[in-house]
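One structure is given here, and the rest of the page talks about it.
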Amino acid sequence: MSIQALLTEYGDKYLQALLTTWRLTVISFAAAFLIGIVITVLRVCPIRPLRMFGDFYVQIFRNIPGAALLILLVYALPYLQIIFPYDACVLIATILIPSAFCSEHLMSGMNTISPGQIEAARALGLTFFQMIRRIIIPQALRSTVLPMTNLLVATMLTTSLASQVPMRPRDLTGLVSYINTRAAGGVAAFVISAALYCATALVIGAVGSLIDRKVRILR
Amino acid sequence: MSQSETPVIELKNVNKHFGDLHVLQDVSLSVKKGEVVVIIGPSGSGKSTLCRTINRLETIDSGEILIEGEPVPQEGRKLAELRSRIGMVFQSFNLFAHMSILDNLTLAPVDVLKIPRKEAREEAMKLLERVGVADQAKKVPAQLSGGQQQRAAIARALAMHPKAMLFDEPTSALDPEMIGEVLSVMTELASEGMTMLIVTHEMNFARQVADRVIFMDGGKIIEENTPDAFFEHPASERAQNFLKTIRDH
């Protein structure tokens with residue numbers, strides 16, 4: 001089928017799939033971002049067991065393939081009498097993995113802060129949490145806008161895991177499988193989804209650069 | 001002690017090692033209210049380390065450090081509270097890079113002392129006025145010269161109404177033409193009665209403002225005297241050599 005024919009027949013489904021991909025991406029990234037910050041705070045806090053937990057968390061979720069994690073959630077957890085809906089399984093996978101990367105980015109962002117600033121904060125009498133909230137996290141965030149932009153794109157691409165479970169409505173990748181099992185959509189069906197992924201990524205990239213220029217810290 | 005008043009800063013037999021290096025050897029000293037004490041000595045003599053142990057940016061192995069008669073707490077909220085009472089100025093300014101100069105000054109008063117923001121801002125502007133960088137208040141640190149940054153850093157410490165100020169080589173990272181502006185702020189501070197402990201290489205400044213000069217070498221206090229007596233007639237051979245090397249330049 002030609003691209004034109006596919007769009008005529010499945011146009012509304014593509015739109016729905018795009019919105020689904022966007023929805024998964026936004027939820028995943030927002031949650032991953034918050035969890036990433038919390039994990040990062042644990043990784044630098046004065047309490048050793050919490051630091052170890054934070055490092056362990058990152059090692060696990062940074063190094064596990066998304067598909068493997070999803071299979072675990074969908075097929076292994078039911079043996080423990082834990083059954084999540086399909087879309088929840090997808091979201092858990094697409095939150096946990098990016099959250100580990102988010103924490104790694106923040107850790108490298110922290111390295112851009114001169115140790116002297118931390119000493120100054122301590123000398124002024126700031127507590128650990130005041131220092132984290134006012135000095136460390138703000139600077140780490142502002143110096144990692146571009147890596148975070150990449151993470152957002154990567155998170156979007158990770159949401160294609162949704163195609164591996166019978167989730168409704170389908171995401172962009174899931175829709176391609178759907179079309180190709182019903183009709184001979186062929187490569188064209190892929191091309192449309194790919195174009196939509198790329199367009200979204202371009203917008204994310206442009207907005208990221210804009211934000212980066214606005215908040216970058218003069219040194 | 002003839003003085004009935006408790007010293008603001010007191011060190012008793014403080015020892016510290018960096019690995020095998022004994023960087024502070026049985027150091028005792030006290031700084032009274034309103035006193036300006038200058039520590040000089042060759043690099044590696046332990047003078048910066050000494051300065052940093054007072055608000056526990058460096059821990060000590062043995063001995064005692066008292067601030068207004070109270071021992072410096074080990075950690076946590078109590079230590080933070082004590083630090084808030086002692087101002088510190090660093091060699092590399094250490095202003096918060098992501099904040100305006102004004103926000104640098106109001107952060108700790110608002111967050112630590114819980115002073116209302118509006119009041120903190122007014123006070124901060126007065127302090128910036130006093131150190132001569134009020135017109136830079138809205139800029140971020142990187143937009144200021146080194147001398148301006150250091151003056152702002154002094155104002156940031158003053159915004160906490162400290163009981164004493166520690167200066168850890170405040171002019172060592174500055175271009176020569178900017179040293180004067182920082183020293184004049186410090187001189188003014190000293191004349192207003194601020195209790196100050198200053199680690200510096202500026203001998204003329206030490207001579208002018210110090211009530212007492214402490215000469216350190218090899219982790220020990222070698223000599224302690226009034227500036228005139230110390231600079232005119234250093235008692236120890238090490239101090240004589242040190243002053244000679246400096247003057248020969």
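Every chain is numbered from 1, with letters handed out A, B, ... down the list of sequences.
For A:Gln130, the part lying near chain B is the side chain, with the backbone staying farther off; criterion is any non-hydrogen pair under 4.5 Å. The part of A:Arg133 that comes within reach of chain B is its side chain, from C-beta onward, which places non-hydrogen atoms under 4.5 angstrom from that chain. Only the side chain of A:Arg142 comes within contact range of chain B, with at least one heavy atom under 4.5 Å from a heavy atom of that chain. Proximity to chain A (any heavy atom under 4.5 Å) is shown, for B:Phe96, by both the backbone and the side chain.
When each of B:Val89, B:Leu166, B:Ile86, B:Asn94 is scored by its heavy-atom pairs under 4.5 Å with chain A, the top score falls to B:Asn94. No other option in A:Thr127, A:Ile118, A:Ile113, A:Leu126 has as many heavy-atom pairs under 4.5 Å with chain B as A:Leu126. Per-residue counts of heavy-atom pairs under 4.5 Å with chain A were compared for B:Asp111, B:Leu95, B:Leu82; the largest is that of B:Asp111.
Separating the CD atom in A:Glu119 from the OG atom in B:Ser92 is a distance of 8.0 Å, to the nearest 0.5 Å. Atom CD in A:Gln117 sits 9.0 Å away from atom CE in B:Met99 (nearest 0.5 Å). Between the CG atom of A:Leu124 and the CZ atom of B:Arg83 there is a distance of 10.5 Å, given to the nearest 0.5 Å.
Of residues 131-142 of chain B, those residues lying under 4.5 Å from chain A by any heavy-atom pair are B:Val140, B:Ala142. Among residues 44-79 of chain B, the residues having any heavy atom closer than 4.5 Å to a heavy atom of chain A are, in sequence order, B:Arg52, B:Asn55, B:Arg56, B:Leu57, B:Arg77.
In the displayed structure, B:Phe18 atom CZ is contacted under 6.0 Å by more than 12 heavy atoms of other residues, nucleotides or ligands.
For the side-chain contact (heavy atoms from CB on, under 4.5 Å) criterion with A:Arg134, the lone passing option out of B:Asp103, B:Val110, B:Leu107 is B:Leu107.
Considering every non-hydrogen atom in both A:Ala120 and B:Phe90, the closest pair reads CA-CE1, 3.6 Å.
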